[in-house]
Engineer: 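Below is a structure I'd like to ask you about.
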Amino acid sequence: MSRQLSKPDPKRAEKLVAFDRLLTIMDELRENCPWDKKQTMETLRHLTIEETYELGDAILENDLDEVKKELGDLMLHMVFYARIGAEKKAFDVTDVLNGICDKLIHRHPHIYGDVEAKDEQAVKENWEKIKLKEKGNKSVLGGVPPSLPAMVKAMRIQEKARGAGFDWDKKEQVWEKVEEEMQEFKEEFNIADERKINKERAQNEFGDLLFSLINYSRFIDINPEEALERTNKKFIKRFNYLESESSKDGKALSEMTLDEMDAYWNRAKKL
């Protein structure tokens with residue numbers, strides 16, 4: 001299978017110089033700065049996670065200048081880890097870059113080999129099959145990191161199951177499952193029933209309901225993590241308006257009725 005070569009990048013030399021500059025600065029900081037000399041992979045880990053979330057926030061806000069800055073922060077972290085790896089004589093940045101290049105080539109046989117992939121789904125399925133062979137996992141779900149946040153983990157579990165052919169055919173079937181789980185939850189937690197609920201059973205049913213909603217979001221091409229975060233931001237914006245505007249009117253939230261709060265909230269919804 002022949003592939004079309006990418007067009008020459010007129011700024012490639014400039015990019016390589018910039019990357020070399022970052023590597024040089026990293027070496028200088030590691031050798032001379034008291035803080036940088038002290039860092040380990042373990043001490044950097046939580047900072048890297050924080051930077052990743054900050055990048056995610058910038059993307060959601062569509063703040064491209066901030067995206068650029070956060071990408072720079074993450075690039076610094078990547079070369080920092082590579083520098084520490086070199087000190088441990090485990091790997092260096094060359095190994096890291098060649099490793100990801102080799103992996104990308106191997107997992108894109110429809111580009112660098114003679115495999116055909118007619119659409120995005122075929123690419124995903126090929127990717128998961130190759131990944132399964134590479135890692136030697138006994139389970140399709142073995143590659144899902146245990147430490148992922150629950151919602152992201154649910155998304156990855158469902159995607160991997162789909163890659164193995166275990167999935168619904170139509171979104172209508174998935175929505176039926178959502179309604180089924182909602183009914184089961186209602187049976188465990190009937191709002192009209194004053195009896196004390198079995199919290200563990202209700203929690204299990206609520207988890208099933210969330211899992212089925214996340215699954216449905218996949219069928220209609222909505223990222224549930226992004227959707228929830230946008231709602232979080234929307235709520236924060238409206239609540240901040242409620243706080244600031246009521247304060248301007250000399251009112252304290254702790255002394256306001258819900259109806260009074262709703263008046264400000266409804267105004268915030270129109271902004």
Side-chain angles (χ1 to χ4, degrees), residues 45-46 48-62 120-121 123-125 127-129 131-132 135 137-240 242 258 261-262 265-266 268-269:
R45 176 181 176 273
H46 76 281
T48 306
I49 293 172
E50 182 180 324
E51 295 294 354
T52 303
Y53 277 107
E54 289 179 358
L55 172 62
D57 286 339
I59 291 172
L60 283 180
E61 295 295 333
N62 196 29
E120 178 189 3
Q121 185 56 38
V123 173
K124 287 182 178 180
E125 291 176 1
W127 179 281
E128 291 299 339
K129 289 175 183 176
K131 187 175 181 180
L132 193 61
K135 291 182 175 290
N137 291 327
K138 295 181 179 179
S139 169
V140 170
L141 304 182
V144 179
S147 59
L148 282 179
M151 183 175 290
V152 178
K153 186 187 293 185
M155 293 164 58
R156 293 297 292 135
I157 288 171
Q158 293 166 4
E159 289 169 356
K160 284 186 174 292
R162 178 176 177 78
F166 185 78
D167 202 7
W168 301 96
D169 294 321
K170 301 177 181 178
K171 65 180 180 180
E172 291 82 3
Q173 296 171 307
V174 188
W175 185 250
E176 287 176 5
K177 186 64 177 175
V178 171
E179 293 181 323
E180 176 188 324
E181 296 296 351
M182 174 63 82
Q183 184 58 38
E184 291 180 4
F185 179 69
K186 287 174 66 177
E187 290 172 1
E188 290 296 331
F189 182 39
N190 190 332
I191 59 173
D193 194 335
E194 297 298 328
R195 290 177 300 176
K196 186 176 181 180
I197 67 169
N198 183 314
K199 187 174 180 179
E200 182 177 354
R201 288 173 60 185
Q203 186 179 55
N204 289 339
E205 294 299 341
F206 189 71
D208 291 344
L209 175 58
L210 285 177
F211 192 85
S212 62
L213 278 169
I214 292 169
N215 206 13
Y216 185 71
S217 73
R218 181 169 56 86
F219 270 77
I220 57 175
D221 197 27
I222 290 177
N223 184 309
E225 175 75 19
E226 181 178 335
L228 181 58
E229 182 58 14
R230 288 185 183 278
T231 296
N232 289 339
K233 289 179 177 294
K234 181 170 59 178
F235 184 93
I236 291 171
K237 181 179 179 181
R238 291 175 180 176
F239 195 84
N240 286 343
L242 163 62
L258 185 58
M261 292 183 186
D262 276 342
W265 188 266
N266 290 329
K269 289 167 66 175

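Scope of the values below: all heavy atoms of this structure, side chains included, with no hydrogens, waters or symmetry mates.
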Engineer: Just jot down the side chain to side chain contact (heavy atoms under 4.5 Å, CB included) partners of K170, sequence neighbours excluded, or say none.
Structural biologist: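 Side chain to side chain contact (heavy atoms under 4.5 Å, CB included) check on K170 returns E172, Q173.
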
Engineer: Look at atom CE of M151 and say whether more than 12 heavy atoms of other residues, nucleotides or ligands are closer to it than 6.0 Å.
Structural biologist: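 More than 12 within 6.0 Å, yes.
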
Engineer: Among all residues two or more places apart in sequence or in another chain, which pass the ring pair (Phe, Tyr, Trp, His ring centres under 6.0 Å) test with F206?
Structural biologist: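 Listed in chain order: F185.
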
Engineer: Mind checking side chain to side chain contact (heavy atoms under 4.5 Å, CB included) for P146 and listing every partner two or more places apart, or none if nothing turns up?
Structural biologist: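 P146: no side chain to side chain contact (heavy atoms under 4.5 Å, CB included) contacts found.
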
Engineer: Under the salt bridge (charged side-chain N to carboxylate O under 4.0 Å, His left out) rule, what pairs show up with a residue in residues 140-163, not counting sequence neighbours?
Structural biologist: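 Of all non-adjacent pairs touching residues 140-163, those that pass salt bridge (charged side-chain N to carboxylate O under 4.0 Å, His left out) are E128-R156, E128-K160, R156-E159, R162-D167.
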
Engineer: For E180, what residues pass the side-chain hydrogen bond (donor to acceptor under 3.5 Å, both in side chains) criterion, not counting sequence neighbours?
Structural biologist: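 Only K177 meet the side-chain hydrogen bond (donor to acceptor under 3.5 Å, both in side chains) criterion with E180.
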
Engineer: Filter on ring-ring contact (aromatic ring centres under 6.0 Å, His included), then keep only pairs touching residues 152-180, sequence neighbours left out; what's left?
Structural biologist: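 Listed once each, the pairs are W175-Y216.
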
Engineer: What distance separates N266 CG from K269 NZ, expressed to the nearest 0.5 Å?
Structural biologist: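 With rounding to 0.5 Å, CG (N266) is 5.5 Å from NZ (K269).
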
Engineer: Can you list the residues that meet the side-chain hydrogen bond (donor to acceptor under 3.5 Å, both in side chains) rule with E226, with sequence neighbours excluded?
Structural biologist: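 Partners of E226 under the side-chain hydrogen bond (donor to acceptor under 3.5 Å, both in side chains) test: R230.
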
Engineer: Which residues pass the side chain to side chain contact (heavy atoms under 4.5 Å, CB included) test with F239, not counting sequence neighbours?
Structural biologist: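 F239: side chain to side chain contact (heavy atoms under 4.5 Å, CB included) contacts with F235, L242, E243, L253, W265.
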
Engineer: Is any side-chain heavy atom of E181 less than 4.5 Å from a side-chain heavy atom of L213?
Structural biologist: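 No, side chains not in contact.
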
Engineer: Which residues satisfy the salt bridge (charged side-chain N to carboxylate O under 4.0 Å, His left out) test with E61, sequence neighbours excluded?
Structural biologist: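 Residues passing salt bridge (charged side-chain N to carboxylate O under 4.0 Å, His left out) with E61: K233.
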
Engineer: Mind checking what makes side-chain hydrogen bond (donor to acceptor under 3.5 Å, both in side chains) contact with K237, not counting sequence neighbours?
Structural biologist: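 Here no residue qualifies.
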
Engineer: Taking only residues two or more places apart in sequence, or in another chain, which ones meet E229 in a side-chain hydrogen bond (donor to acceptor under 3.5 Å, both in side chains)?
Structural biologist: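 Applying side-chain hydrogen bond (donor to acceptor under 3.5 Å, both in side chains) to E229 gives N232.
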
Engineer: According to salt bridge (charged side-chain N to carboxylate O under 4.0 Å, His left out), does anything in residues 200-212 pair up with another residue at least two apart or in another chain? List the pairs.
Structural biologist: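 Every pair satisfying salt bridge (charged side-chain N to carboxylate O under 4.0 Å, His left out) with a residue in residues 200-212: E188-R201.
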
Engineer: Might you point out which heavy atoms bring L209 and V178 nearest each other, and give the distance in Å?
Structural biologist: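 Nearest pair, atom of L209 first, then V178: CD1-O, 3.8 Å.
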
